[in-house]
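These notes are about the structure you will find just below.
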Amino acid sequence: MSTYALDRVTAQFPEAVAERYLDRTGGAWAVIHAEHLPKVAAFLKHELDFKLFVSIDAVDRLHLAENDPRFEVVYFISSLSRREHVRLKVRVSESNPEIPSLVPVFKGANWWERFVWDFYGVRFAGHPDLRRVLLYEEFQGHPLRKDYALRDRQPLIPERPIKDIFRGPGTSGVS
Amino acid sequence: MADPHKPAAHPHPDVPNPDTDAYAQESELEAHLQSKPMFINMGPSHPAMHGTVRMKVHLEGEIIKDADCEIGFLHRGFQKSCENVTWTQCLPYTDRLNYASPLMNNFGFLNAVEKLIGLEIPERAQYIRVIGSELHRIHDHLTCVAATGMELGGFAPFLFSMEARELIIDRVAELTGARLTTSYGRVGGLNRDLPEGWIERTLKSLDKIRELNVEVESLLSRNRIFVDRMKGTGIISAEDAIDYGWTGPCLRACGVDHDLRKTRPYWVYNQLDFDVPVGEHGDNYDRYLMRIEEMKQSDRILRQALAKIPSGPIIVDDWRIALPPKPEVYGTIEGVISHFKLVMEGIQVPAGEVFDATESANGELGWYIVSDGGGRPYKVHVRAPGFPILSAVSSIVTGKMLADLIPTFDTINMIGGEVEQ
């Protein structure tokens, strides 16, 4: 696993990189300060040819040993010419979960950022259309957070009280 | 009684009506078509929308001015469900991501978990994984081509494809015990070995599938109606496609040679001989041709793999990961304990994180997995290939005709299960 991209990023923006490490499978990661993320992404895309926007997701570290700040947003960007992945992380706190949006740099970031907003409640400043993507607008809360109950239900239309329907383990009929 | 079919009188006859006044002097035969803006809801369960997607289309005449794509009708909490069951129990959930190629989703997830553990699976298991994946790649592409043909008005190719698909499903059912929800892989290998005589039957099925594919291709590839609606519609440039994060046959149709089976070979793909077809224009017709060509390449891979498959174990011999053989469970205390601990607590995957991707039928199927060292995943993120592809559809069809929306939607082969998790 080459660390070419992260070496270049560290050399170019030493103030942006908070931490670097290799995970147990040899993948190279860099933790980026949120405010420097757009320029790092633009540098990766335009200078280093990391153009394929793979995905974004977040991790709620509530139950992990290291849980401050609470959210970790992970970015995966690929280079087709170098055949290499770059993995970035941005850590945000629970009190002000906001990250600059990458939509001006990568068009593909649009729906993924909406996804992270939908399920984790991390806002992306400058996103053109930050709506929920998979859940409905009336939904309360962000269900992939670890403190959102597994069996919580928010039906838009009241569920009919049919006792014979088995709604999965942990529920007793209709709840 | 008033005639209910007769339009009601205009409520304010003095106010000019912009719809009709401008053309009041024209005779009925030469009248202009009214072209005031119109909103049309395609979906959520439109027959041409694979899965449940709602497109809010803003039309002016037949031109799409704006299209807003709304998904989520199939969302069933894939990630949250996985985070609350053991690693092995995630498998049935991964089946349901892509119902046209469940084996690829099974194996992709397991590949990521095995990478996190640092586990090398036996060679025979790697071959069987390749065989299962390529069978399902043909299955997925057949489904897409068949649906495309049918939605553009040809039913015969659909029937031929369904016959070929049925052969694949039969072989998969013999292999895994289920037609669609396979749950066949296990961490460290596979659930069971190939059944008796399966290789010969599969080879016979492949011959028949090849024949049927020739029929389908000859019915569609040079069909005037089909070509006219596919060629030059739904065009996306290579730069845009990469920017949106397209992968798989849709990206390769734009002329980008990117296939994880070649660029980052996994399992035994580097021992097999196959080509990666690449398109040129990035339009619907190229995406269709890509799928036809990829089925031929999968056929090549399958024949080689079925000829070269070695004998040996199909799962690692490590009772911390794979269930012990049944005689050991019934006969020894170590077997009982291992079996009990694996079933009740799950595999103890060491703490850490991994991102791993395999080339599924629609493109890069990526998994980002975080383990906290317990028997359950702490976080399972699936990077479904259809999600970025679908996000680009609005921009592709804007400014084009409404009729182009249907072939575009067909050839990107969006699968509701994986896009909406």
Side-chain angles (χ1 to χ4, degrees), chain A residues 23-27 29 45 49 51-65 72 74 76-85 87 89 105-112 114-116 118-119 129 131-136 139 143-146 148-152 168-170, chain B residues 68-75 77 79-81 83-85 112 115-118 238-247 251 256-258 260 262-264 350-357 364 366 368 370-373 378-384 387-392 395 419-421:
Chain A
D23 66 19
R24 51 175 290 121
T25 63
W29 292 82
K45 181 180 175 184
D49 200 32
K51 292 205 165 98
L52 183 72
F53 194 82
V54 179
S55 74
I56 310 178
D57 206 333
V59 183
D60 181 359
R61 307 197 293 168
L62 189 64
H63 300 320
L64 287 181
E72 206 166 53
V74 287
F76 305 98
I77 307 167
S78 272
S79 166
L80 297 180
S81 55
R82 292 194 57 84
R83 300 187 171 180
E84 196 183 328
H85 255 312
R87 301 132 203 245
K89 277 186 175 181
V105 187
F106 291 103
K107 289 177 187 165
N110 190 324
W111 276 28
W112 287 114
R114 282 173 66 186
F115 178 85
V116 172
D118 194 352
F119 286 99
D129 184 22
R131 288 178 290 153
R132 287 182 181 272
V133 63
L134 289 180
L135 299 172
Y136 41 89
F139 198 91
L144 279 183
R145 288 187 176 191
K146 289 286 177 187
Y148 188 92
L150 175 65
R151 301 290 173 196
D152 207 352
Chain B
D68 182 19
C69 189
E70 196 180 90
I71 59 173
F73 297 93
L74 271 180
H75 176 66
Q79 288 196 21
K80 193 96 175 168
S81 306
E83 286 160 21
N84 285 280
V85 293
K115 196 172 170 190
L116 184 56
I117 303 176
E239 292 78 47
D240 270 358
I242 294 173
D243 211 11
Y244 272 111
W246 284 33
T247 44
L251 176 65
V256 182
D257 183 6
H258 174 65
L260 292 179
K262 289 280 190 194
T263 56
R264 260 185 286 146
E353 60 193 325
V354 67
F355 182 83
D356 186 55
E364 182 174 340
Y368 172 60
V370 180
S371 168
D372 58 355
Y378 186 77
K379 158 94 193 161
V380 176
H381 161 67
V382 54
R383 186 263 182 209
F387 192 80
I389 296 180
L390 186 64
S391 74
S395 76
V419 169
E420 310 185 4
Q421 307 199 352

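Any value given below was found using the heavy atoms of this structure, including those in side chains, with hydrogens, waters and symmetry copies removed. Within every chain, numbering begins at 1; the chains are lettered A, B, ... in the order of the sequence lines, protein sequences first and strands thereafter.
- Of the two parts of B/Val380, neither the backbone nor the side chain holds a non-hydrogen atom closer than 4.5 Å to a non-hydrogen atom of chain A.
- At distances below 3.5 Å, at least one donor-acceptor pair connects side-chain atoms of B/Tyr378 with backbone N or O atoms of A/Asp60.
- No other option in B/Val354, B/Asp372, B/Asp356 has as many heavy-atom pairs under 4.5 Å with chain A as B/Val354.
- At a threshold of 4.5 Å between non-hydrogen side-chain atoms, the residues B/Lys379 and A/Val74 do not count as touching.
- Although no hydrogens or angles enter the test, the distance criterion places no donor-acceptor pair under 3.5 Å between the side chain of A/Lys107 and the main chain of B/Ala392.
- Looking at B/Val370, the atoms closer than 4.5 Å to chain A (heavy atoms on both sides) all sit in the side chain, from C-beta outward.
- Residues A/Val54 and B/Glu364 meet the side-chain proximity criterion, which asks for heavy atoms closer than 4.5 Å.
- With a threshold of 4.5 angstrom between heavy atoms, A/Ile56 approaches chain B through N, CA, C or O but not through any side-chain atom.
- Once rounded to the nearest 0.5 Å, the distance linking CG of A/Leu52 with OH of B/Tyr244 reads 14.0 Å.
- For the pair B/Lys80 and A/Phe119, the cation-pi test (distance below 6.0 Å, angle within 45°) is failed.
- Within the 4.5 angstrom heavy-atom criterion, no atom of A/Tyr136 approaches chain B.
- Only the side chain of A/Arg131 comes within contact range of chain B, judged by heavy atoms closer than 4.5 Å.
- For the residue pair A/Trp111 and B/Ser391, the shortest heavy atom distance occurs at CD2-CB, 3.3 Å.
- Taking CD1 of B/Ile242 as the reference point, atom CZ of A/Phe106 lies at 11.0 Å (rounded to 0.5 Å).
- Of the atoms belonging to B/Leu390, heavy atoms from both backbone and side chain fall under 4.5 Å from chain A.
- B/Phe355 has its side chain within reach of A/Arg87: a pair of non-hydrogen atoms, C-beta onward, lies under 4.5 Å apart.
- Residue B/Ser395: no heavy atom, backbone or side chain, is found under 4.5 Å from chain A.
- Ion pairing of A/Asp57 with B/Arg383 is absent here, as no side-chain N (NZ or NE/NH1/NH2) approaches a carboxylate O to less than 4.0 Å.
- At a 4.5 Å heavy-atom cutoff, the contact between A/Leu135 and chain B is made by side-chain atoms alone.
- In this structure, chain A has heavy atoms under 4.5 Å from both the backbone and the side chain of B/Glu420.
- Atom CG of A/Leu144 sits about 5.0 Å away from atom CD of B/Gln79, to the nearest 0.5 Å.
- Rounded to the nearest 0.5 Å, atoms NE2 (B/His258) and OG (A/Ser79) are 9.5 Å apart.
- Interface remark: of the candidates B/Gly118, B/Gly373, B/Pro350, B/Pro350 forms the most heavy-atom pairs closer than 4.5 Å to chain A.
- For the options B/His75, B/Arg264, B/Glu70, B/Glu83, heavy-atom pairs under 4.5 Å to chain A are most numerous at B/His75.
- Most heavy-atom pairs under 4.5 Å with chain A, from the set B/Cys69, B/Ser81, B/Pro388: that is B/Cys69.
- Taking the six-membered ring where the residue is Trp, B/His381 and A/Phe76 present parallel rings, their angle staying beneath 30° rather than reaching 60°.
- For the options A/Leu80, A/Leu64, A/Val59, heavy-atom pairs under 4.5 Å to chain B are most numerous at A/Leu64.
- Of the two parts of A/Trp112, the backbone and the side chain both hold a non-hydrogen atom closer than 4.5 Å to a non-hydrogen atom of chain B.
- Contact tally against chain A (heavy-atom pairs below 4.5 Å) for B/Leu251, B/Thr263, B/Asp243, B/Leu116: the top residue is B/Asp243.
- For A/Ala109, no part sits under 4.5 Å from any heavy atom of chain B, backbone or side chain.
- With respect to the salt-bridge test (charged N to carboxylate O, under 4.0 angstrom), the residues A/Lys89 and B/Glu353 qualify.
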